[in-house]
Amino acid sequence: MGLDMYLKGRVYLDYNSPEREEIAEMLDIKGYDVRSVTVELGYWRKANHIHKWFVDNVQNGVDNCSEYYVRKEDLETLLLICKQVIEDKSKAASLLPTQQGFFFGAQQYDAWYYDDLESTVEILENALKFYNEKMVDIYYDSSW
């Protein structure tokens, strides 16, 4: 129980693409139309400061465990903020404040907080690379 967060990439398959049939066969769903494949690009557990950023900047302040489209620019902005906070820890509370919530994890600016930032940098750099290579749609969702 607690805050789980996911960053996903959705790859769309061309209508005449042979991969559509291969995927349907591999999943034993022949006869069904495979139009896209979803790839998990990142996962966080109780990184409430990252979740708060997505809620405030991608979800228009609505925290309802739904899936939200994330623009490439959003990923680049969050990446820049994470790097700024890692470089200057005094900016943590103003740039990436923590958030209280039911089983959302700690609100301290401690080693766990900065470990989450390091992981987030890695996740975002990989997601941006994947986006640039595959031109996918990126989505964020959470559950708690």
Side-chain angles (χ1 to χ4, degrees), residues 1-15 17 19-29 32-144:
M1 187 181 265
L3 176 62
D4 293 298
M5 306 143 56
Y6 307 90
L7 192 65
K8 300 172 186 173
R10 190 165 298 141
V11 180
Y12 296 94
L13 305 173
D14 292 332
Y15 185 74
S17 153
E19 289 89 3
R20 292 173 69 175
E21 286 185 32
E22 291 171 17
I23 292 169
E25 186 174 323
M26 182 177 67
L27 297 174
D28 196 25
I29 53 172
Y32 293 94
D33 194 14
V34 179
R35 295 177 183 249
S36 65
V37 175
T38 300
V39 177
E40 185 175 289
L41 300 174
Y43 170 77
W44 298 265
R45 176 107 173 114
K46 297 185 180 183
N48 60 67
H49 48 298
I50 303 301
H51 177 66
K52 178 176 174 29
W53 189 91
F54 276 106
V55 170
D56 292 346
N57 295 280
V58 173
Q59 299 177 207
N60 296 317
V62 178
D63 191 0
N64 61 357
C65 297
S66 293
E67 184 176 80
Y68 287 86
Y69 176 77
V70 181
R71 299 173 310 137
K72 178 184 180 186
E73 295 80 9
D74 297 326
L75 299 177
E76 292 168 336
T77 299
L78 179 55
L79 177 60
L80 178 65
I81 291 169
C82 288
K83 288 180 175 182
Q84 288 176 338
V85 174
I86 290 168
E87 187 176 305
D88 183 354
K89 291 180 170 51
S90 70
K91 295 181 178 181
S94 62
L95 294 180
L96 274 175
T98 60
Q99 172 184 352
Q100 287 185 322
F102 190 64
F103 295 113
F104 270 32
Q107 285 86 51
Q108 291 82 22
Y109 299 94
D110 57 10
W112 293 99
Y113 176 94
Y114 294 103
D115 285 348
D116 286 336
L117 288 186
E118 295 285 349
S119 297
T120 301
V121 166
E122 185 177 330
I123 288 168
L124 295 176
E125 287 177 342
N126 288 334
L128 286 164
K129 181 180 178 206
F130 190 76
Y131 174 88
N132 289 330
E133 290 174 358
K134 302 293 183 189
M135 294 303 294
V136 298
D137 285 343
I138 307 278
Y139 295 89
Y140 173 79
D141 69 86
S142 61
S143 64
W144 37 268

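Hydrogens, waters and symmetry mates are skipped; everything else that's a heavy atom, side chains included, is used.
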How long is the gap from [atom1] on [X] to [atom2] on [Y], to the nearest 0.5 Å?
X: T38; Y: D137; atom1: OG1; atom2: CG; result: 10.0 Å
X: E76; Y: D74; atom1: CD; atom2: CG; result: 9.0 Å
X: L128; Y: K72; atom1: CG; atom2: NZ; result: 7.0 Å
X: N57; Y: I81; atom1: CG; atom2: CD1; result: 6.5 Å
X: L96; Y: K52; atom1: CG; atom2: NZ; result: 10.0 Å
X: T120; Y: E125; atom1: OG1; atom2: CD; result: 11.0 Å

Between [X] and [Y], what is the shortest heavy-atom contact and its length?
X: C82; Y: L117; value: SG-CD2, 3.9 Å
X: V58; Y: V70; value: CG1-CG2, 4.0 Å
X: L7; Y: A127; value: CD2-CB, 3.9 Å
X: S66; Y: D141; value: O-CB, 3.4 Å
X: S143; Y: C65; value: CA-SG, 3.7 Å
X: Q107; Y: T98; value: O-OG1, 3.1 Å

More than 12 heavy atoms of other groups within 6.0 Å of [X] [atom1]:
X: E19; atom1: CD; answer: yes
X: E122; atom1: CD; answer: no
X: N60; atom1: CG; answer: no
X: E21; atom1: CD; answer: no
X: E40; atom1: CD; answer: yes

If you define the side chain from C-beta out and look only at heavy atoms, does anything of [X] sit under 4.5 Å from [Y]?
X: P97; Y: Y109; value: yes
X: D110; Y: Y113; value: yes
X: W144; Y: D63; value: yes
X: L124; Y: L78; value: yes
X: V136; Y: F130; value: yes

Problem set entry | Salt-bridge present (E118, K83; N to O < 4.0 Å) |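 Answer for the salt bridge query: no.
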
Exercise. Should the pair R45-D4 be classified as a salt bridge under the 4.0 Å nitrogen-to-oxygen rule?
Worked result: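 Salt bridge: yes.
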
Problem set entry | Y32 vs I29, side chain to side chain contact (heavy atoms under 4.5 Å, CB included): CA-CA, chis, key distance, verdict | CA-CA 6 Å; Y32 293 94; I29 53 172; 4.1 Å; yes

For this session: On the 0 to 90° scale, with breaks at 30° and 60°, tag the Y140-H51 ring pair as parallel, tilted or perpendicular.
Result: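 Geometry flag for H51 against Y140: tilted rings.
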
Exercise. Applying the side-chain hydrogen bond (donor to acceptor under 3.5 Å, both in side chains) test to E67, which of K8, R10, Q59 qualifies?
Worked result: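 Exactly one pass, corresponding to R10.
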
Exercise. Can R35 be said to sit on top of Y12's aromatic six-ring, NZ or CZ under 6.0 Å from centre and within 45° of the ring axis?
Worked result: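 The answer is no; the distance or angle limit is not met.
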
For this session: Show your working on side chain to side chain contact (heavy atoms under 4.5 Å, CB included) between L79 and V121 and close with a plain yes or no.
Result: CA-CA 6 Å; L79 177 60; V121 166; 3.9 Å; yes

Exercise. Regarding W44 and S119, is there a side-chain donor-to-acceptor distance under 3.5 Å anywhere?
Worked result: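 S119 and W44 do not have a side-chain donor-acceptor pair below 3.5 Å.
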
